[in-house]
2 protein chains.
Amino acid sequence: MRTLITNIKELHQTESDSSSINRLAGADMATVPKIENAWLLAENGLIHSFGYMDQLRESNADEIIDATGRLVLPAWCDSHTHIVFAAPREGEFVDRIKGISYEEIARRGGGILNSARRLNDMDEEQLYDQSLERLQKVMAQGTGAIEIKSGYGLCLEGELKMLRVIRRLKEKVSIPVKASFLAAHAYPAEYKQNKEGYIKLIIDTMLPAIAGEGLADYMDVFCEEGFFGIPETERLLEAGWKYGLKPKIHANQLHYSGGVQTGVKHQALSVDHLECVGEAEIAALLGSNTMPVLLPGAAFFLGIQYQPARKIIDAGLPVCLATDYNPGSCPSGNVPLLLSIACTQLKMTPDEAINAVTINGAAAMELENEMGTIKPGKRANLILTNKISSLAHIPYDYGNNPVYMLLA
Amino acid sequence: MRTLITNIKELHQTESDSSSINRLAGADMATVPKIENAWLLAENGLIHSFGYMDQLRESNADEIIDATGRLVLPAWCDSHTHIVFAAPREGEFVDRIKGISYEEIARRGGGILNSARRLNDMDEEQLYDQSLERLQKVMAQGTGAIEIKSGYGLCLEGELKMLRVIRRLKEKVSIPVKASFLAAHAYPAEYKQNKEGYIKLIIDTMLPAIAGEGLADYMDVFCEEGFFGIPETERLLEAGWKYGLKPKIHANQLHYSGGVQTGVKHQALSVDHLECVGEAEIAALLGSNTMPVLLPGAAFFLGIQYQPARKIIDAGLPVCLATDYNPGSCPSGNVPLLLSIACTQLKMTPDEAINAVTINGAAAMELENEMGTIKPGKRANLILTNKISSLAHIPYDYGNNPVYMLLA
């Protein structure tokens with residue numbers, strides 16, 4: 001199957017055959033390379049070649065898409081989501097607006113434990129159906145690779161159910177799906193007085209079962225004061241490594257907890273959230289391969305402080321953006337809107353924000369050799385935009401979906 | 001033509017035949033009345049009757065819509081927009097992110113004068129076509145009544161062109177459209193040294209011409225330090241009143257300018273923006289019929305402080321929300337997203353926010369007898385939502401369009 005896209009107004013994020021960009025950091029994030037008036041040929045789902053229209057010699061295609069007036073760019077790589085969940089939680093949203101504290105909401109049975117109860121009550125089939133619907137919706141908004149976490153099971157059976165749903169999604173859709181094992185998301189009610197018991201359950205029972213079925217790509221921990229502290233996080237990450245699961249962890253959302261440093265120490269692929277980033281966190285990240293992943297959609301939804309993206313980029317580090325799509329703190333997987341939030345609130349430029357969800361998003365899921373740039377041999381997971389004036393129009397035109405078509 | 005909607009999961013914002021709500025203020029904004037499991041009959045574009053499904057006797061309809069799982073509510077009334085414009089301004093958006101000041105952007109030919117130049121260069125037909133496209137897009141997001149301003153002409157011919165486009169839109173679409181005359185949006189370059197000359201041009205030349213053609217419903221002024229001060233605003237509002245144009249003004253966006261008090265003094269229908277609201281502004285509004293209209297989408301896009309909605313509601317005043325859709329400070333007319341911003345950033349509850357864009361939005365355009373509640377005799381401009389769990393799900397599920405169908 002050969003698909004030829006012609007008359008592309010601007011082909012973005014192009015990379016030559018001989019280069020090999022793994023991620024972009026600091027000042028290198030400032031530019032998204034482009035070719036104007038271009039063509040691109042995809043063959044069997046991979047990018048075959050591209051160039052300027054006036055040099056187009058290819059015409060042997062099964063399908064030709066005329067992209068006059070449209071931009072083409074690599075599909076978004078959303079490296080942090082929780083889209084397998086049972087039910088929305090808008091009741092808690094209203095309670096928070098009314099000033100009821102998170103602790104009080106949790107006391108009333110809200111929060112992660114609410115999602116866990118609902119998930120454990122739902123059969124796998126229904127959970128799969130509605131998760132697939134969410135996944136298809138974000139694909140229509142341009143998402144072409146996604147990471148999905150467990151963490152609403154909080155028991156062996158529930159975690160297995162979530163991870164099996166993620167595996168079925170992976171088999172169903174045409175985009176890469178990565179699974180992270182996040183039993184260490186919260187302590188279930190029955191282990192409130194026996195935290196050590198839950199840690200042991202994860203390490204001794206859940207991990208072998210999950211690894212046995214090959215259900216997870218990564219090990220995740222919600223490393224935060226009041227959730228999983230540094231010693232627990234370290235034990236869990238070491239246990240994950242024994243099964244070949246690289247860490248991708250939640251860190252520094254609410255406190256300067258040392259989570260970033262712990263992630264770096266354990267060679268985490270990424271440390272995610274990062275509302276609290278100071279000199280020590282930056283020093284730890286510099287020189288490491290760990291990707292800082294910012295989730296400003298959650299900060300927007302909760303009305304809390306945004307992540308210091310400028311400080312991180314200006315220190316020469318890469319920044320990755322991800323949606324955090326989940327029913328409690330960010331019920332949106334809309335990447336174009338995430339880009340608008342990043343530009344208007346975090347003061348990232350449109351080019352920086354787009355680099356953060358393409359090549360850097362790919363890197364945060366170890367997909368940098370398959371996704372994230374327009375390069376021969378990479379997957380032809382591509383966004384064709386509506387007829388818009390420029391790349392900056394995507395975050396500028398906030399609240400509108402710029403995606404005309406996702407090729408994947 | 002009789003349209004019967006059956007099996008409505010929740011019919012919102014219902015009002016009995018005998019009541020007459022003009023607007024909702026203070027604690028009365030806290031609730032959106034609803035009927036569960038309802039039907040509604042529309043006849044020739046008006047609401048004929050509604051009730052509980054188990055009491056449905058009507059069946060003589062030309063069209064039946066099954067709304068199983070869906071909510072029905074009055075369409076949004078967006079009382080403040082500038083959707084007739086020639087071109088997006090994402091270049092300035094990028095410049096602002098890079099830290100270039102508004103003054104510097106203006107010096108380089110940006111800002112309102114940029115829009116004016118582009119608009120005056122564009123023929124009426126093209127301006128109409130692209131404005132209609134924008135209008136149809138916001139209708140698909142649930143907008144069922146809209147106000148549109150002039151103000152990118154800044155000369156007789158340009159202002160007439162804009163207002164004629166608005167008139168054509170009014171004739172074209174099935175929703176109410178109101179026009180505000182906003183020549184006092186900025187001083188055009190050629191009057192920079194002769195501000196008095198521009199005021200006179202508005203009062204002596206433009207106003208008679210516009211009133212002669214019956215092109216405007218309201219008189220608007222950008223009342224702000226550095227734009228039109230209090231004395232100029234007063235002269236302009238008095239001149240507008242002579243032609244029967246009620247004021248609807250821009251006030252207190254950047255400064256405690258006295259704009260709110262001036263609007264109230266001149267019996268403005270609304271005072272819009274209101275980032276800067278203190279005790280004096282609240283005192284002026286209490287006891288007046290002037291509607292405070294908040295535009296948090298612009299505050300979001302510019303990354304500036306949000307309007308103190310809670311302070312205004314808690315003082316017993318009404319709050320109206322509007323999008324401010326315009327190419328410089330808010331390139332979005334997406335009301336569902338506006339509701340999300342109002343809830344997450346201004347801490348309005350979903351019910352308050354929905355009252356603010358239905359009955360209070362109607363009041364800010366003198367449409368309270370036609371729109372804004374579900375009441376026999378009012379227009380059947382209705383939103384049928386997707387299958388969602390509750391009204392609060394609309395702002396909660398941010399970035400997704402909840403509208404399944406706009407009836408209008």
Side-chain angles (χ1 to χ4, degrees), chain A residues 30 87-99 134 137-138 140-141 297 299-304 306 310 323 325 327-328 330-338 340-353 386 388-401, chain B residues 30 87-99 134 137-138 140-141 297 299-304 306 310 323 325 327-328 330-338 340-353 386 388-401:
Chain A
R89 293 190 347 229
E90 70 261 38
E92 296 175 23
F93 169 63
V94 178
D95 286 345
R96 269 196 297 104
I97 293 168
K98 290 183 175 167
R134 276 179 214 122
K137 193 180 278 184
V138 300
Q141 291 163 341
F300 167 79
F301 187 72
L302 297 174
I304 63 172
Y306 288 101
R310 287 254 58 86
T323 64
Y325 192 175
C330 187
S332 171
N334 185 329
V335 172
L337 184 55
L338 171 70
S340 299
I341 294 171
C343 292
T344 59
Q345 310 304 309
L346 278 60
K347 305 302 176 194
M348 292 174 73
T349 66
D351 282 23
E352 287 173 338
N386 293 326
I388 59 175
S389 40
S390 72
L391 198 64
H393 194 269
I394 295 174
Y396 164 85
D397 186 35
Y398 81 91
N400 286 316
N401 182 9
Chain B
R89 290 184 357 224
E90 70 261 38
E92 296 174 23
F93 168 65
V94 178
D95 287 344
R96 268 195 297 104
I97 293 168
K98 290 182 175 166
R134 277 179 215 122
K137 193 180 278 185
V138 299
Q141 292 163 341
F300 167 79
F301 187 71
L302 297 173
I304 64 173
Y306 288 100
R310 285 255 58 87
T323 65
Y325 191 176
C330 187
S332 171
N334 184 328
V335 172
L337 184 55
L338 172 70
S340 299
I341 294 172
C343 293
T344 59
Q345 310 303 310
L346 278 62
K347 306 300 176 195
M348 292 175 72
T349 66
D351 281 22
E352 287 173 338
N386 293 326
I388 59 176
S389 40
S390 72
L391 197 65
H393 194 268
I394 295 174
Y396 165 85
D397 187 34
Y398 81 91
N400 285 316
N401 182 10

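To find a chain, count down the sequence lines: A is the first, B the second, and so on, and within it residues start at 1.
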message: At a 4.5 Å cut-off on heavy atoms, which part of Lys98(A) comes close to chain B: side chain, backbone, both, or neither?
response: side chain

Pairs of heavy atoms under 4.5 Å with chain B: top-ranked of Gln345(A), Lys137(A), Gln141(A): Gln345(A)

- prompt: Side chain of Tyr396(A), backbone of Pro327(B): donor and acceptor closer than 3.5 Å?
  reply: yes

- request: Looking only at non-hydrogen atoms, find the nearest pair between Val94(A) and Ala392(B) and report the distance.
  value: CG2-CB, 3.7 Å

field: Interface residue of largest heavy-atom contact number with chain B, from Pro88(A), Gly303(A), Ser340(A), under 4.5 Å
entry: Pro88(A)

task: Indicate the ring-plane relationship of Tyr398(B) and Phe301(A), choosing parallel, tilted or perpendicular according to the 30° and 60° boundaries.
output: parallel

- prompt: With a 4.5 angstrom heavy-atom cut-off, which part of Arg96(A) approaches chain B: side chain, backbone, both or neither?
  reply: neither

statement: Rounded to the nearest 0.5 angstrom, the CG-CG distance for Asp397(A) and Asn334(B) is 10.0 Å

- request: Answer with side chain, backbone, both or neither: which region of Leu338(A) has an atom nearer than 4.5 Å to a non-hydrogen atom of chain B?
  value: neither

message: Which one wins on heavy-atom pair count under 4.5 Å against chain A: Leu302(B), Asn400(B), Asp351(B)?
response: Asn400(B)

task: Answer with side chain, backbone, both or neither: which region of Pro336(A) has an atom nearer than 4.5 Å to a non-hydrogen atom of chain B?
output: neither

message: Side chains of Phe93(A) and Thr344(B), heavy atoms from C-beta outward: is any pair under 4.5 Å?
response: yes

field: Pro350(B) side chain reached by Ile97(A) side chain, heavy atoms, under 4.5 Å
entry: yes

